[in-house]
Amino acid sequence: MTIGNTEHLSRAERGRCRPLSLRGSGTASAHAAAGEAETRGAGGPAGSWIIRLVLLLLLLLPGTATAYQPRTLASTPIRKLTIEGNEALTTKEIRGLMVHSGGSWFRSGRYRPRWLEKDLEQVIHRYGNLGYLEARVLEKQATWSGDRRTVDIRVVFEEGPRTILDSIRIEGLPDVPREEILARLSLAEGKAYNREFLSRDRARIQSVLAERGYPEASVEEEESIEGARARLFYRVDPGPRVRVGPIAVAGTETTQEHFVRRELVFREGDWFRRGSLLDSRDRIFRTGFYANVAIFREPLTEENTVPIRVEVREKNVRSFGFGCGFGTEDRFRASLDWSNRNWLRSGKRLAFEVVYSDLYSDRPIEQKYEVSLIEPWMFRTRTVGLWKVAHERLNIENFTIKQEGAADRVVARYRLNETTASFSLSREFSRIAKGSVVYSFEYAEAADPTEPVDPELLEPDVTRSLGIVLERDGRDHLLDPSRGARGHANAEIAGSVLGGDNEFVKGVISGTAYRTLGERVVLAGRLQAGSIRSLAGDGALPDYKRFRSGGANTVRGYRENTIGPGKHLILAGAELRLRLFWRLGGVLFADGGNAWEDLGRIRVKDWRLHAGESEVAVDDFRYGVGAGIRLYTPVGPLRMDYGRKVKPRVTETGKRESDSVLHFSIGQAF
């Protein structure tokens with residue numbers, strides 16, 4: 001390694017000279033003094049006094065003490081990093097692996113010998129994963145600038161040959177197909193050989209055998225490497241095949257023992273599977289009755305059975321909550337809720353909820369009262385039954401009244417009082433997928449329009465509907481996902497044989513996806529489409545059943561539900577979420593959407609990004625762009641978004657839309 005511009009030193013010499021690293025006229029003297037001090041130091045105390053005296057004189061020399069710069073005690077900016085000898089890995093890939101030394105667009109790399117060694121270890125580790133088992137650092141040099149404020153680093157790699165795995169032999173397998181084992185292994189024939197995968201693959205073989213009833217199986221491996229070819233041999237001792245023995249449950253006091261047993265995915269006498277223990281523990285925990293769940297495997301009996309012991313610790317099944325907050329949709333908001341997860345010790349969940357918003361206004365946007373009862377095991381199966389009764393009072397904006405022979409009238413806002421009673425049955429298909437069937441009875445009444453309207457429009461109506469809901473949720477977090485995707489589909493039919501005043505069919509499909517672009521960056525996207533069709537003529541569809549968008553969770557830059565209404569909906573959005581520092585984050589977003597009365601009014605030209613105010617029509621696709629701030633809390637991110645309209649328009653009343661809207665809410669937009 002090269003230290004300075006001209007000196008070539010061994011590692012031992014560098015270790016001795018670093019603490020005395022001087023420049024200018026004192027450098028040579030310092031090195032010579034260090035050499036003499038080592039020789040005389042062996043002779044006794046006199047040598048020690050001479051060393052101290054020489055060091056003191058050197059530090060007091062004019063120009064020498066001021067020139068002292070202990071660069072080894074702090075990192076130094078790297079002016080240039082040169083990588084040579086690499087072919088399997090690109091220079092960009094290697095620099096990306098060198099956390100301290102590689103640098104980025106925003107900062108230069110930093111040099112400290114210890115940091116450089118760690119970075120190079122990461123690179124060699126990566127080479128090993130690609131099969132280059134003999135890869136090494138052939139040479140590394142550090143060349144300081146004249147003023148010793150920056151340093152140039154040169155690293156030369158020797159990759160060596162790439163080792164390929166020729167064959168995998170497995171001996172001693174019981175009734176488990178070899179192909180099933182090979183499909184689970186990280187190492188594969190014809191691919192790069194990586195020793196780090198050996199222990200992982202050994203554990204996977206044991207896991208496959210444990211799922212087939214061989215929990216005592218043991219696996220040993222042997223490798224043979226000739227040149228650039230490797231052969232792998234696994235020797236398996238499966239042990240006895242084991243069945244589940246007696247099952248004991250402990251810890252149930254206020255709950256019943258069968259609440260635990262019905263969640264188990266195994267029964268006494270089944271072939272033992274290690275994965276069934278994990279699945280059962282997860283299902284018991286998700287009932288909400290228990291704070292802790294542990295499943296133990298007892299020692300193997302002489303009959304080759306494994307007794308199982310399930311221990312649970314119950315938690316308080318009653319809960320009471322009170323909350324308040326602020327958002328641009330409902331402004332000041334207060335909520336009160338109470339629930340009992342084990343009502344009458346029957347395993348049913350009873351819950352009450354009250355929500356009141358816009359507390360400081362004479363026109364409350366929302367009042368909601370809801371009571372629900374959940375039976376988690378309908379018909380003694382894993383079917384969840386839900387009974388719900390709710391009353392909601394909310395404002396509906398932007399109601400258009402169509403009049404024959406006259407211009408359409410727009411009612412800015414009216415109040416909707418809606419009472420709903422519903423019953424649903426839902427069933428999980430997997431941990432991330434479920435389906436539901438819902439029957440609903442709704443009684444709705446409109447009141448308090450901002451302008452006089454025909455009294456017939458305010459008459460109450462009844463809607464009876466039947467719906468099917470399918471959902472797949474593979475997100476890694478409910479409130480702040482960074483990976484995965486969620487899909488949702490809903491189909492509903494109202495009226496006809498079900499009766500009621502309204503007859504229509506309605507369908508909505510939506511999807512969201514999340515991808516991590518870096519340690520602190522997440523890209524999120526959303527797409528939604530919906531359509532509703534009246535079965536009793538165009539004029540028979542109630543206004544509050546039409547689609548609307550705009551607001552904090554749909555198209556930011558617009559006030560809540562001011563886009564639409566319409567019978568056909570398209571909604572899209574994208575966000576770039578960045579973690580900044582502490583608990584703060586930032587977001588850049590682009591939203592778009594609209595609701596149309598007829599499919600024929602969805603035209604390509606209306607999707608333009610720019611148009612004059614007078615050219616923007618009701619059917620134009622609306623865009624909102626902007627930025628936001630996130631404060632991450634235990635209950636989810638608090639957000640403030642500033643959205644700006646891309647194409648503001650002049651309304652039918654001649655009033656120009658505002659350019660922007662500031663949104664406050666909790667949780668991500670999607």
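Keep in mind that the numbers below use all heavy atoms, side chains included, and drop hydrogens, waters and symmetry copies.
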| said: Any carboxylate oxygen within less than 4.0 angstrom of a Lys/Arg side-chain nitrogen, looking at D606 and K647? | reply: no
| said: Under a 3.5 Å threshold, yes or no: a donor from one side chain and an acceptor from the other, between R556 and Y558? | reply: no
| query | Does R526 use its side chain to pair, donor to acceptor, with the backbone of T554 at less than 3.5 Å? | reply | yes
| task | Walk me through it: do R286 and E428 pass the test side-chain contact (heavy atoms from CB on, under 4.5 Å)? | result | CA-CA 13 Å; R286 289 165 60 194; E428 289 187 348; 2.6 Å; yes
| said: Counting C-beta onward and ignoring hydrogens, is there a side-chain heavy-atom pair between P542 and D461 closer than 4.5 Å? | reply: yes
| note | Here the gap from L336 atom CG to Y356 atom OH, rounded to the nearest 0.5 Å, amounts to 14.5 Å
| remark: Taking every heavy atom of A611 against every heavy atom of V616, the minimum-distance pair comes out as CB-CG2, 3.9 Å
| request: Given salt bridge (Lys or Arg N to Asp or Glu O under 4.0 Å), test E597 with R546 step by step and report yes or no. | output: CA-CA 9 Å; E597 276 297 301; R546 286 177 163 88; 3.2 Å; yes
| Is the shortest side-chain N to carboxylate O distance from E442 to K545 below 4.0 Å? | yes
| To the nearest 0.5 Å, what is the distance between CZ (F664) and CG (L638)? | 11.0 Å
| message | Is any side-chain heavy atom of Y514 closer than 4.5 Å to one of R483? | response | no
| message | Do S660 and Y642 pair up side chain to side chain, a donor and an acceptor below 3.5 Å, judged on atom types alone? | response | yes
| said: Under a 4.0 Å threshold between the charged nitrogen and the carboxylate oxygen, would E375 count as salt-bridged to R349? | reply: no
| note | All heavy atoms of G636 vs all of L479, minimum pair found to be CA-CD1, 3.8 Å
| said: When you measure from the side chain of S534 to the backbone of A536, do you find a donor-acceptor pair of N or O atoms at a distance under 3.5 Å? | reply: yes
| Do any N or O atoms from the side chain of T516 and from the backbone of S482 form a donor-acceptor pair under 3.5 angstrom? | yes
| message | Out of the candidates L576, V522, L578, only one should pair with L517 under the side chain to side chain contact (heavy atoms under 4.5 Å, CB included) rule; please name it. | response | L576
| message | So that I can tick it off, tell me whether E445 and R415 are bridged by a salt bridge, with the cut-off set at under 4.0 angstrom between side-chain N and carboxylate O. | response | no
| Does K645 reach the main-chain N or O of G557 with its side chain, forming a donor-acceptor pair under 3.5 Å? | yes
| said: Please check: side-chain N/O of H568 versus main-chain N/O of G530, any donor-acceptor pairing under 3.5 Å? | reply: no
| Sidechain-backbone polar pair: D501 side chain, V462 backbone, donor-acceptor under 3.5 Å | yes
| Salt bridge present between K434 and D473 (N-O < 4.0 angstrom) | no
| query | What is the distance from atom CZ of R472 to atom NE2 of H488, rounded to the nearest 0.5 Å? | reply | 14.5 Å
| task | Inspect the contact between K605 and D620 and indicate whether a charged nitrogen and a carboxylate oxygen are less than 4.0 angstrom apart. | result | no
| field | Side chains of T381 and T383, donor plus acceptor under 3.5 Å | value | yes
| message | Check R95 with E93, please: is the shortest side-chain N to carboxylate O separation under 4.0 Å? | response | no
| request: Give a yes or no on whether the ring-centroid distance for Y290 and F285 is below 6.0 angstrom. | output: no
| query | Can you find a heavy atom in the side chain of E370 that is under 4.5 Å from one in the side chain of K388? | reply | yes
| task | Look at the side chain of W596 and the backbone N and O of D619, then say whether any donor-acceptor pair between them is shorter than 3.5 Å. | result | yes
| query | So does R630 pair up with E575, basic N to acidic O under 4.0 Å? | reply | yes
| request: Taking all non-hydrogen atoms of both residues into account, name the closest pair between A351 and S339 and its distance. | output: CB-CB, 3.9 Å
| query | Which distance, rounded to the nearest 0.5 Å, do you find between the CZ of F504 and the OG of S531? | reply | 12.0 Å
| message | Does any part of the side chain of V371, heavy atoms only, come nearer than 4.5 Å to the side chain of Y369, both counted from C-beta? | response | no
| task | Quick one: pull up OG in S335 and NZ in K368 and give me the separation to the nearest 0.5 Å. | result | 10.5 Å
| request: Work out which heavy atom in T420 is nearest to a heavy atom in S440; give both atom names and the distance. | output: CG2-OG, 3.6 Å
| Would you call D279-R283 a salt bridge at under 4.0 Å N-O? | no
| task | Evaluate the salt bridge (Lys or Arg N to Asp or Glu O under 4.0 Å) criterion for residues D543 and R548: first the C-alpha distance (whole Å), next the side-chain angles of each, then the deciding distance (0.1 Å), finally the verdict. | result | CA-CA 10 Å; D543 169 76; R548 287 174 167 82; 2.9 Å; yes
| task | Flag the pair I532 / L541 as yes when at least one side-chain heavy-atom distance between them is below 4.5 Å, and no otherwise. | result | yes
| Short side-chain to backbone donor-acceptor contact, S280 and V265, under 3.5 Å | yes
| request: Taking only Lys NZ, Arg NE, NH1 and NH2, and the carboxylate oxygens of Asp or Glu, determine whether R579 and D480 approach each other closer than 4.0 Å. | output: yes
| field | Side-chain ion pair, E657 and R622, N-O less than 4.0 Å | value | yes
| Which distance, rounded to the nearest 0.5 Å, do you find between the CG of L662 and the CG of D641? | 8.5 Å
| Within the 6.0 Å centroid threshold, strictly below: F621 and Y623 | yes
| field | Expected output: side-chain R639 to main-chain G667 donor-acceptor under 3.5 Å | value | yes
| Would a 4.5 Å heavy-atom cut-off, applied to side chains only, mark I563 and F547 as touching? | no
| said: Check this for me, if you would: do E418 and R393 make a salt bridge, where the nitrogen-to-carboxylate-oxygen distance has to be below 4.0 angstrom? | reply: no
| With a 6.0 Å cut-off on ring centres, are W338 and F320 close enough? | no
| task | Over all heavy atoms of both residues, which pair between S372 and L386 is shortest? Give the atoms and the distance, please. | result | CB-CD1, 4.0 Å
| query | With respect to L466, which candidate in V497, V437, V438 satisfies the side chain to side chain contact (heavy atoms under 4.5 Å, CB included) definition? | reply | V437
| said: For a 4.5 angstrom cut-off between non-hydrogen side-chain atoms, does L569 reach Q528? | reply: yes
| task | Compare every heavy atom of L425 with every heavy atom of F423, then report the nearest pair and how far apart it is. | result | CZ-CD2, 3.6 Å
| Donor-acceptor contact present, side-chain N342 to main-chain G347, <3.5 Å | yes
| said: Any heavy-atom pair between the side chains of I570 and W607 that's under 4.5 Å? | reply: yes
| said: I'd like to know whether CZ of R431 has more than 12 heavy-atom contacts from other residues, nucleotides or ligands below 6.0 angstrom. | reply: no
